[in-house]
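Heads up, the thing below is written out as structure tokens.
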2 protein chains.
Amino acid sequence: MRSQLHHPDRREISLDKVLHALSDPIRRDIARVMHAEGSRTCGQLDYPIAKSTLSHHLKVLRESGVMHTEVRGTTRIITLRRDDLEARFPGLLDAVRVTRPAADGEPVGAEGARRGPCPPAARSAR
Amino acid sequence: MRSQLHHPDRREISLDKVLHALSDPIRRDIARVMHAEGSRTCGQLDYPIAKSTLSHHLKVLRESGVMHTEVRGTTRIITLRRDDLEARFPGLLDAVRVTRPAADGEPVGAEGARRGPCPPAARSAR
DNA sequence: TTCAAGGTTCTACGATCATAGAACATCGAG
DNA sequence: CTCGATGTTCTATGATCGTAGAACCTTGAA
């Protein structure tokens, strides 16, 4: 089956939806990790939330145009749609600290989030 | 009475709240009009929403740190906290098209919003 | 003091959201 | 085929949101 997921075209990406997607600290942190460490599978993301909740967040990110999801076998590779977002809303990813460190008081990601800062080859046993 | 409203300190302005505040098209448009035309009173804003709804939006904008409200007599002067936002999240106002025109397919403000592009001295009868 | 103007607060309502558990679907390995 | 791994979808729940009407508050003017 062509289980190709739906992604909005670049021109269809709406600022409303993108801002809403990025107003959640977990989702913003997912985007930040994607930028910092490249593509990942969903399972490599490590947050203190249920699997179904993470799946929901990834769906919000995908449908808003922030992330791209590629089905590969049983896993899914998610990537930040940096070029599309940069073309559509220049400077936005930088301003919301997805592609730039915070350097102020505010933490970059979710306060309670625990992302796995492991390189993509160091995760066989968990 | 010192009916001075509470505004968050610059360092207290949270990206979560700012992004949430700006994810609403009406609120984003209010911020845009404030930047384009300077300070206004609430009554000079002209949207197809109830007074109480507008008041709610202004409260969200104020409590998130996007706007400043100054009580002057029976009216309130609202202004964009541009310097604070620029210091805290450089480039954000520009990226979300508050301080820059859109130039793309997407309209700048709310689709159904009807802001009054009138100069501050041309509104006596409505 | 009385009154109108400008806004807020209270209350309510339907919609959406973040969350999670359970069941289900899909793929690769044995 | 069977089984485990990887995620999604379904369903539900409590919280929050955008909206609006009604009452209320504050100020300035008559």
Side-chain angles (χ1 to χ4, degrees), chain A residues 1-7 14 16-17 19-30 39-64 67-78 110-113 116 120 123-126, chain B residues 1-7 14 16-17 19-30 39-64 67-78 110-113 116 120 123-126:
Chain A
M1 182 195 289
R2 291 306 286 113
S3 62
Q4 195 56 37
L5 300 163
H6 172 257
H7 294 81
S14 126
D16 283 32
K17 285 182 182 150
L19 288 182
H20 170 251
L22 294 178
S23 72
D24 184 281
I26 291 187
R27 289 195 289 255
R28 210 163 55 240
D29 193 72
I30 293 174
S39 308
R40 294 187 96 108
T41 68
C42 307
Q44 287 172 337
L45 296 169
D46 190 10
Y47 295 95
I49 56 177
K51 257 198 322 179
S52 54
T53 305
L54 180 59
S55 191
H56 162 71
H57 282 316
L58 294 175
K59 186 179 183 182
V60 172
L61 287 167
R62 174 168 50 82
E63 292 183 342
S64 65
M67 308 285 251
H68 183 270
T69 303
E70 178 194 350
V71 181
R72 181 163 333 168
T74 106
T75 69
R76 292 169 178 223
I77 311 293
I78 54 177
E111 286 76 358
R123 289 188 63 84
S124 49
R126 57 163 311 189
Chain B
M1 182 194 290
R2 291 304 290 111
S3 63
Q4 195 55 37
L5 299 164
H6 173 257
H7 294 80
S14 128
D16 283 31
K17 285 181 182 151
L19 288 181
H20 169 251
L22 294 179
S23 73
D24 184 280
I26 290 187
R27 290 195 290 255
R28 209 162 56 240
D29 192 71
I30 293 174
S39 309
R40 294 187 98 108
T41 67
C42 308
Q44 286 171 338
L45 295 168
D46 190 10
Y47 295 95
I49 56 177
K51 258 198 322 180
S52 54
T53 304
L54 179 60
S55 191
H56 162 73
H57 283 315
L58 294 176
K59 186 179 183 182
V60 172
L61 287 168
R62 174 169 51 83
E63 292 183 343
S64 65
M67 308 285 251
H68 183 270
T69 303
E70 178 194 350
V71 180
R72 181 163 333 168
T74 106
T75 69
R76 295 173 176 218
I77 312 291
I78 55 178
E111 286 77 358
R123 289 188 61 83
S124 50
R126 60 164 311 194

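Order of the sequence lines fixes the chain letters, A, B, ..., with proteins taken first and strands second; residue numbering starts at 1 for each chain.
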Inset, instruction - Using a heavy-atom cut-off of under 4.0 Å over every strand shown, decide if B:Thr75 touches base, sugar-phosphate, or nothing. - result: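 Sugar-phosphate, no base atom in range.
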
Inset, instruction - Taking the side chain as every heavy atom from C-beta outward, state whether B:Leu45 and B:Leu58 have any atom pair closer than 4.5 Å. - result: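 Yes, side chains in contact.
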
Do you know which two heavy atoms are closest between [X] and [Y], and how far apart they sit?
X: A:Leu22; Y: A:Arg28; value: O-NH1, 2.8 Å
X: B:Leu54; Y: B:Tyr47; value: CD1-CD1, 4.4 Å
X: B:His7; Y: B:Thr69; value: NE2-N, 2.9 Å
X: A:Lys17; Y: A:Ser64; value: O-CB, 3.7 Å

When the distance from [atom1] of [X] to [atom2] of [N] is rounded to whole Å, what number comes out?
X: B:Leu54; N: D:dA20; atom1: CG; atom2: P; value: 10 Å
X: A:Arg72; N: C:dT26; atom1: CZ; atom2: C1'; value: 16 Å
X: B:Leu5; N: C:dG7; atom1: CG; atom2: C1'; value: 11 Å
X: A:Glu63; N: C:dC17; atom1: CD; atom2: C1'; value: 14 Å
X: B:Lys59; N: D:dG18; atom1: NZ; atom2: C1'; value: 14 Å
X: A:Leu58; N: C:dA20; atom1: CG; atom2: C1'; value: 15 Å
X: B:Asp16; N: D:dT16; atom1: CG; atom2: C1'; value: 14 Å
X: B:Arg62; N: C:dT8; atom1: CZ; atom2: P; value: 8 Å

If the cut-off is 4.0 Å, is [X] near the phosphate of [N], judged by side-chain N/O to OP1 or OP2?
X: A:His57; N: C:dT19; value: yes
X: B:His20; N: C:dA18; value: no
X: B:Arg76; N: C:dT8; value: yes
X: B:Ser55; N: C:dT8; value: yes
X: B:Arg27; N: D:dG18; value: yes

Inset, instruction - Select from B:Ile77 and A:Thr53 the residue whose nearest nucleotide in DNA chain C is closer to the 5' end of that strand. - result: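 That would be B:Ile77.
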
Legend entry - Check: D:dA20 base within 3.5 Å donor-acceptor of B:Ser52 side chain: yes

Legend entry - Closest-nucleotide ordering on DNA chain D, the 5'-leading residue of B:His56 and B:Lys51: B:His56

Inset, instruction - Measure from the side chain of B:Thr74, starting at C-beta and using heavy atoms only, and say which of D:dT9, C:dG6, C:dG7 lies closest. - result: C:dG6

